[in-house]
Every structure is written in C-alpha cells, then in structure tokens.
Amino acid sequence: METISENQITILAGETGSGKTTQIPQFLYEAGYGERGLIGITEPRRVAAISMSKRVAHEMNLPTDVVSYLIRYEGNVTDRTKIKFMTDGVLLKEIEVDFLLSKYSCVILDEAHERSVYTDILMGLLSRIVRLRAKRGTNSLRLIIMSATLRVCDFTENRKLFLDTPPVINIDSRQYPVTVHFSKTTPADYLREAFLKTVKIHTRLPEGGILIFLTGQKEVNTMVRKLRKLFPPVSSTDGTADGKRTPDAAADDRAEEDEEFDNILRGKKARKKASSTKKRKNPSLTIPRLPQIDLDAYELPHADDTEADLHEDDHSSDSELDEDGLDGGDDEANLLDGGDLAEDLGISQLKRNQPLWVLPLYSMLPPDKQQRIFKPPPEGSRLCVVATNVAETSLTIPDIKYVVDSGRQKTKLYDKTTGVTAFVVTFTSKASANQRAGRAGRVAPGHCYRLYSSAVFNDEFVDFAPPEVQQKPVDGLVLQMKCMGIDKVVNFPFPSPPDREQLVGAEQRLLQLEALEEITTRTTLKGGTGESRTQTITRVTELGRTMAAFPVAPRFGKILALSHQHALLPYAICLVAALSVQEVLEEVGLTEEDTSESSKLWRQKRKAWAGTGESLLLGDPMILLKAVGAAEHANSKGNLEAFCTENGIRLKAIKEIRKLRVQLTNEVNANLRDMSLTVDPDMPPPTVTQMRLLRQLLLIGMTDRIARKLPESEIKVKADVRRLRHAYNLPMIDEPVFLHAGSVLRKELPEWVCFQEAFETTVSIGEVGESKTFIRGITAIEPEWLPKFVPNVCNIVDVLEEPQPPTYNATNDTIECYVKATIGKTSWPLPAALVEMPRNMQRCKYLLKFFLSGSIFKKLKPFRKSLLSSPDSVLKQYSASVPRIDAALKVLLANEVYNAARFSELWNVDSKFFLQEYREFLPVSCHDDVARWWPPKK
DNA sequence: CTCTCCCTT
C-alpha cells in the first residue's frame, strides 16, 4: 500500500492463484480509496468480473451494491458502489464519456499479461490520464497493473508508455510445484501421443485428475470417444457419461471396446507387415507421406521417457504400480508384442483398471455440459478432461494432477491485405505451455507431460503469443480512438503498436465506409521562405460518430445508421445482432453419420426458411432472421430449448442475440427522437421491399466483401473448366474462391454476391492437401447497385448522356447521372447505373450549367436569356479557353462547391461569393440588377 | 460437397 500511495503507477507481478485479484481491492478499500472515489478493476472476461465481485463481496462481508460488477448487458452497480469489477471494454466506453475517469480514485488492470486489445488500449490511455489527473492536483488517480511475472518487461521496458519505469512488486505464488516431463522427440501425430500418454498415466500412475490440451472441438470429441471406449465409464447417481446411456448401450460399448483395443494391437502388426512386403516387392515405392492423423490405427508405444517418469514414481514408493503387475522396469513393448498370451494380458490389464470419467471441454460446448467438469466424478473413477484452450485461462478445473500438453493450439489468422482468414495449428508459446503446466498444481504437487522435446520447446516456441492488437484487424478500434479525438493513431502509446499495414488497411476500409474523411491541411514551414507542406489526416465524419455509437463492428454500425426508413430498423437490428454473434447455427452434415438424421432435417428446415424470390436472394442472412424469429416465437410459447435442439440452433447464441437486440434498440431510441422501438418477439417477416432494401444495406456494409461469379468464357485453360466452373472472383485477389457448401445459395450461383467472411482451408484431394478459399454468409446483389451504393470501391469510367443526360435533383440537392463503371483491379464492367455524380471537375461543370440555367436558384432564371455563354457551352471541350467559364470553374472547384448547400454555406461567410464570376456571364447593363438580387438563395 | 481457438463494447 505504501508503494501504491507513493507512486502514480504500480505494477504487481504474480502468477494466477496468488490471490492478488481478490486481495488488492480489499487493501485499497481499507486504505480509504473507496471514500475518494470508485475502485475499478477490469477483467478481460465477463464471467471473471461477475465471480470476482461476488467473491470479494463475500470475503469483505459487504453487500453487492457496494462491491458490484458491470458487464455488457448487466450489472449491479449502485450509487453506493465502492468497488466495481467490470470487463475492460466497459471501462473503455466510459472513457469516451468521461475522459479523466473522474469518478475513480484507482483503476486496476487485471490479467494485463493476456494483452487483450482493450487492456492494451486502456494501458495507453491511463498512462496519460494519470498524468493529467496529477497535473490537476486535487484528485489524483492511481493505476495498478497486474500481470504474470514473466511479462512485466513488456510494460517496464516501454519508454513511450511510461516516462519513468513504475515500481514492480512481486507476489509469491501459491501454486504447488509441477514436475515437467519433456518427450525425447516431437512426433507430428500429437493426437496419438496424447492418447498413449493418457493410457499410461491412467493405468500406471496414482490417482488424480488428468487434463489433456488439444487444439479443437473435433479433436476433443474424437479423443473423448476413444478414451471412453477403452475405459468405459460406470454409472453414477446422476447418470452416465453422456447422461442418456442405458446399461444396454454401455454393454454394447464394451463389446466394441474389445474390438477397438484389438485393432490397436493389430494396427501395429498389420502395418509392420504392410511395410515389410512393400519393401520386398517394390523398393522404389517409398513416397514420403504426410503424417495422417488417424485415431483408428493406434499402435502401442515405442520407447519413450515415460519409463523415467515411472521410476520417479517408483521412488515415491507408490504401491499401485506393483498391484498392476507392471513395475517400472517392465518393457511394455515386449509385453504387447509377445504373442496372443501377452495380448490378452494387456487387455485384461487395462480392464481391471479403475474407470475413467472422460469429459470434453471447449467453448462452444453447451454450458450445462461444461458444468460437468466441476462436479466430482463417480465414486472410484478418475477424472479426465479433454480440453481446448478454454482450460488454459477461462475455466479452472478442480483436482487436476496430470496435464498432457500437445503443445499445439489453433489460431485464427487474418491476411492483412485481403482479409481472408485461416485457422492454423501452431506450437503454443512458452508462456502458454507454462500456464498449461500450472493447471496441474492447483491442489497438490502435479506432473505435466509435454508431447514435444525440450529442444523444440527452447528453439521453436516463441516466448509469448503476439498481443491480440497485432493479430486482428483494428477497424473498430481505430474508429473508437478517432471518436475520442486521437487523430494520429500511429502516435498512440500502445504497449505494442499494431503494424503500419494493419492501421493503413483499417483507415482505408473506414474511408470506404465513409466513417472517416481525408482532411488536407497546408502548413507554412518556418524560415520565412514561404514554402508550405500539405498534410493529409483522416478524421471521423458525422456518420462515423453515429456508427461508433453502436457497440458492433463499424460495417454493422453503418447498416444501422442507414436503416431509418421503410420501418427497416427492427429487421436491421435483428440482422446485425445475429451477424455479430458467432456460430448461431450448428453445422450441417459436416461430421460423421451419427447426426445424419437430424442434420438432414436441419438442412431441409433451412432450405424452407430461405424461401424463394427476394427472400432467397437475401440468402444466408435470411436464414438467420428466420431462425431468430422462430426461436423467439418458440420462446414465447415456453419451448425455446426444445426448438433449438430440433433445429440445430445454439441456445446461448439466441440468448446473446436477444440481449444485443435490446441493447441496439435502446441505442436507437436514445439517438433518434420520436423513436420508441421495442423488441417484438413476434416480428412479422419482412416484406418483399424490405428484403430488397436489406440486401442493399448489407452490400453497403460489406463494401470490401463483394464477389463475382467467374464467367466460363474467362476460363482460359480447358483443364481448369471443371475446377473453376463454380468459382467466384474477389475484386482485388487473383485466386478463385468458392461458395461454402453450407450456404443456401450454394446451388443458385448468383452472378454477384456479398459475403460475411472469406476463409482459407486445406481440403484433401485424394492424398494431397490443397488450400482452397471459401466465402460464407452469402447474399445475392444486383450489379447496378454497385456504383450507386458503394461508389468508393468502383471506378467510374464515364458519365453517360444516355438513357438520360445528367439532371439536378432538387430534393436531394445533388446531380444525378448514368455512369459507365467498373470494379476490381481487372476492371470488370458494370451495367449503366444512375448515381450521384462524383465530386470532381466534371461535377463543377454540370453544377455551373444548372446554376446558369436557373434550375438551382430560381431567382437567376430571369437572367438566363441575357447570358453571354449558354449553360450548355460550359460542357464543351473549348470551355477551358473561354475566360469567364474557366474562372468560374476554378472558383467552384477550389471551394469544393458541388451543390446548392455549399453555396449557402459560403454565402454565410461572404455574401459576395461568386458574384463577380457570375457577372462575367452577363452584359454590364445587368450588373447592378444582379448585385441587388445577390445572394440568390431563398 | 464443407470450417471454427478464445474473447469483448
């Protein structure tokens, strides 16, 4: 507390489990920080904010209106709140309203080592806010950064972030020691290794839960199935492993399990035979093959370092090993290779073992199934959790003694220039590996088995995963920062700055969306030479501010900002909410046949939901609208859960969508007067007109996600015809892309589409893997919409006089014209379309024409017959050599006059604006008359 | 004829 009171910023270093999150707020409260303002603590996850607030309230024996939490959709904060736990994004939103955070006496950034985008930004902002508050003197702010020990140098060694290195206080960890065991080698087939290691631990090592880290949901499910077959679960009071299994089914499983295990043994023999015959018969056929992950062909292990581990446990004089009859010196390879007798022995050996209680764990698993890891396993069973990265930080499983770490994780990567995403399995970082190991030492000393060598760990594992802000597009973040008045995002004191390319890309996309505009300023250089330098910066537009007010991605913010017509808002809100929530619909027919019946049904339902005509053209987003509508209807009848399971809809997603609809509806009501929208659980389906408008709105949001069907005439090589028959092209990428098979428009193959996501994946074609790019979330669009609704991504080649010459539209105060336009770097032609004329020299010419003819300001009509140059002559090629025309155009262009409104603006500043230029078009006799009428606005 | 780690306003 002394250090904190004497320093503006303090760094607290301690591992998870050191109790700092619960202790420090209490110390601060007791030291009186609660009387000078709020004590705020940010967490990167909602659950953490809620559970920490409850725990601290309990420990301090204070009510929850004093120790409270605030997350996106809910909270229990009151006027009496002194300690406030919140998600990091919530505090960032508060800074937008109150930059100095004047309500707070102290802010704690918890889990700073996780380097979440919002925590990073908060750190940058708070480093400055603390200084500003100190300058004001009266009510200084304390900042405490809590981080895992290893990563504090990220913050202390950053000169831009903190002027003086803040003091670092180390807190002792409460962890028990974990013995780490590396493998001698690093096999590519980590699934197989994980399986074998788990079998060994379970059959040979003392009791204690096992936690296996794999990369994805599919892997987890396969592993769970394999382990359950080998070690069948026993019934418990609250049902068996999957909660539904009957004793009969369990018996069937046991029969299968025998077969399974036989296969494991035979697998080895069969393969040996195959390889030896191959060698004899055809020695040249030794094509190297990519390692195939095949859990059905497991063989039992070759020599590895588990022997050493066993010896280690031998020394700890555990009697279980002897009971098993497999003492440390026994070579299992011998045992299992030694003929049928040994084979039987091996099987019975495993059968006599205690049951294994195998549970899957991944983020998308329904919450009730996730909860099972917290319940004790059935009496006499050993707990074994097969998990993805959720178990690394988000969920802590009790009673884990053994961790099996594949050393891999799946990461989503974004192509900086194309925006194409890909999921890639990579080695984790050293920090992650240590975090995973730590999960074995929460209740007692534990062991971590790493399925990779120490050499690979040292040489190939990076120290830390790159911070999130360097991994993801920063569009939303840039917009949010610009709204806070940070014009030069490059200069922001990021703990780790996003790379230049990423920032430039984000600005470009925001310019396309018209959330930002370019401002060119001219500054005269010092030195009296009169030299000047132009500088272009981007700044938020009015539209940009409206977009940013909505807590969704900028593209979706724009859709909402433009939906204030034709009673579209309820649909736009529902659509944006559904598109913002990930994984609403469960995948259909993707995995094995076990779900074929229900998945066939789901597919039919979705096809029916898609409808025909405009509805079908709205495509996959239409399915979402219908799914949400139907789910809410089912909910009002009280059978939401059944409806979700029947239709392959994620219950959690539906609940999230509902909350988001409420939040967005409130935001709309707050910003638009005369709006009192409600969330209607029985929203009627959109009309045909509304569906068409929704397609246009989607296109406007998806400016950078447009694709065109590759015409067959453009397929040059005959051999490619089959491969490229259903291919699409993106405007800026050469590689073909394909409609994802899950899309309802899959068979329709519309000429032009916009999409929600493009991702690359490796598809196995025969024996080899080939990378292929798919687009999903498809909506059909009409090409003539492109120049009209997304002019910023089109190239306008020519203004057309046919079918109709350009006209002045008085209602919108714009000039409209038909244009010939193209899109993409290879200039795909677009049909002629009626658009607002681009704001350039040509626009000025037409404006001048309409100005002279009196179509813009009626008061000038009487002068028309006296004009010395006709309105149409302005458009002629020779006009540049007519001085009065040339002079007028130069003035208009220099002052960016493209419509009547701009004239009015300028007349407010200078009422004589354009008077002289106009008089040049008239004989001297009219000049006095004109001056009397000037300015000619109403 | 086919994907998906984890989070957040």
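The structure presented is a predicted model; accordingly, all values stated were derived computationally and were not measured. Below, read A as the first sequence line, B as the second, and so on, with proteins coming before strands; counting in each chain starts at 1.
With DNA chain B read from its 5' end, the first of the two nearest nucleotides for A:Val552 and A:Thr393 is the one closest to A:Thr393.
Checking B:dT2, B:dC7, B:dC5 against every side-chain atom of A:Gln217, the shortest atom distance belongs to B:dC5. Residue A:Arg46 places its side chain closer to B:dT9 than to any other of B:dT2, B:dT9, B:dT4. Among B:dT2, B:dT9, B:dC7, the nucleotide with an atom closest to any side-chain atom of A:Glu468 is B:dC7. You'll find that the side chain of A:Phe774 is closest to B:dT2, out of B:dC5, B:dC7, B:dT2. Side-chain proximity of A:Phe423 to the nucleotides B:dT9, B:dC6, B:dT4 is greatest for B:dT4. Minimum atom distance to the side chain of A:Thr388 is reached by B:dC6, of the listed B:dC6, B:dT2, B:dT9. Comparing B:dT2, B:dC5, B:dC6 by their nearest atom to the side chain of A:Lys772 picks out B:dT2. Here B:dC5 is the nucleotide among B:dC6, B:dT2, B:dC5 with the atom lying nearest to any side-chain atom of A:Lys410. Residue A:Lys412 places its side chain closer to B:dC5 than to any other of B:dC6, B:dT2, B:dC5. For A:Tyr362, counting side-chain heavy atoms from C-beta on, the closest listed nucleotide (B:dT9, B:dC6, B:dT2) is B:dC6.
Contact between the side-chain N/O atoms of A:Ser363 and the OP1/OP2 oxygens of B:dC7 is found at a separation under 4.0 Å. In this structure, A:Thr411 does not reach the B:dC6 phosphate: none of its side-chain N or O atoms is under 4.0 Å from OP1 or OP2.
Backbone-only engagement by A:Thr87 is indicated by non-hydrogen atom pairs under 4.0 Å involving sugar-phosphate atoms exclusively. Using a 4.0 Å heavy-atom distance criterion, A:Ser116 is classed as making no nucleic acid contact. A:Gly742 comes within 4.0 angstrom of no nucleic acid atom, judged by non-hydrogen atoms across all strands. Nucleic acid contact class of A:Arg72 (heavy atoms, under 4.0 Å, all strands): base. In this structure, A:Ser394 reaches the sugar-phosphate backbone alone: every heavy-atom distance under 4.0 Å involves primed, P, OP1 or OP2 atoms, never a base.
A straight line from CD of A:Gln409 to P of B:dT4 spans 15 Å, rounded to a whole angstrom. For the pair A:Arg115 CZ and B:dT8 P, the computed distance is 19 Å after rounding to whole Å. In this structure, the CD1 atom of A:Ile121 is 20 Å from the P atom of B:dC7, given to the nearest Å. We find that CD of A:Glu114 is positioned 14 Å from C1' of B:dC5, with the value rounded to whole Å. As rounded to whole Å, 9 Å separates atom P of B:dC1 from atom CZ of A:Phe738. The nearest whole Å value for the distance from the CG atom in A:Asp110 to the C1' atom in B:dC7 is 15 Å. In this entry the distance linking CD of A:Gln471 with C1' of B:dT4 reads 16 Å, nearest Å. Atom P of nucleotide B:dC1 and atom CG of A:Leu739 are separated by 11 Å, given to the nearest angstrom.
Legend: residues meeting side-chain contact (heavy atoms from CB on, under 4.5 Å) with A:Val47, ordered by chain and number and at least two apart, are A:Arg45.
Using a cutoff of 4.0 Å between basic side-chain nitrogens and carboxylate oxygens, A:Glu656 and A:Arg46 are scored as salt-bridged. Contact check on A:Glu770 versus A:Arg723 returns no salt bridge, with no Lys/Arg side-chain nitrogen under 4.0 Å from an Asp/Glu carboxylate oxygen.
Side chains of A:Tyr190 and A:Glu219: a donor-acceptor N/O pair is present below 3.5 angstrom, by distance only. For A:Asp110 and A:Thr42, the side-chain atoms include no donor-acceptor pair closer than 3.5 Å.
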Between side-chain atoms of residues 542-549 of chain A and protein atoms elsewhere (two or more places apart, or another chain), which donor-acceptor pairs fall under 3.5 Å?
{"from": "A:Arg545", "atom 1": "NH1", "to": "A:Cys483", "atom 2": "O", "distance (Å)": "3.3"}
{"from": "A:Thr546", "atom 1": "OG1", "to": "A:Glu542", "atom 2": "O", "distance (Å)": "3.1"}

(request) List the steps, then state whether salt bridge (charged side-chain N to carboxylate O under 4.0 Å, His left out) holds for A:Glu757 with A:Lys412. (result) CA-CA 13 Å; A:Glu757 192 188 14; A:Lys412 191 173 189 169; 3.3 Å; yes
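In this model, a side-chain donor or acceptor of A:Arg603 finds a partner on the base of B:dT2 within 3.5 Å. Checked by distance alone, A:Glu583 brings a side-chain donor or acceptor within 3.5 Å of a matching partner on the base of B:dT4.
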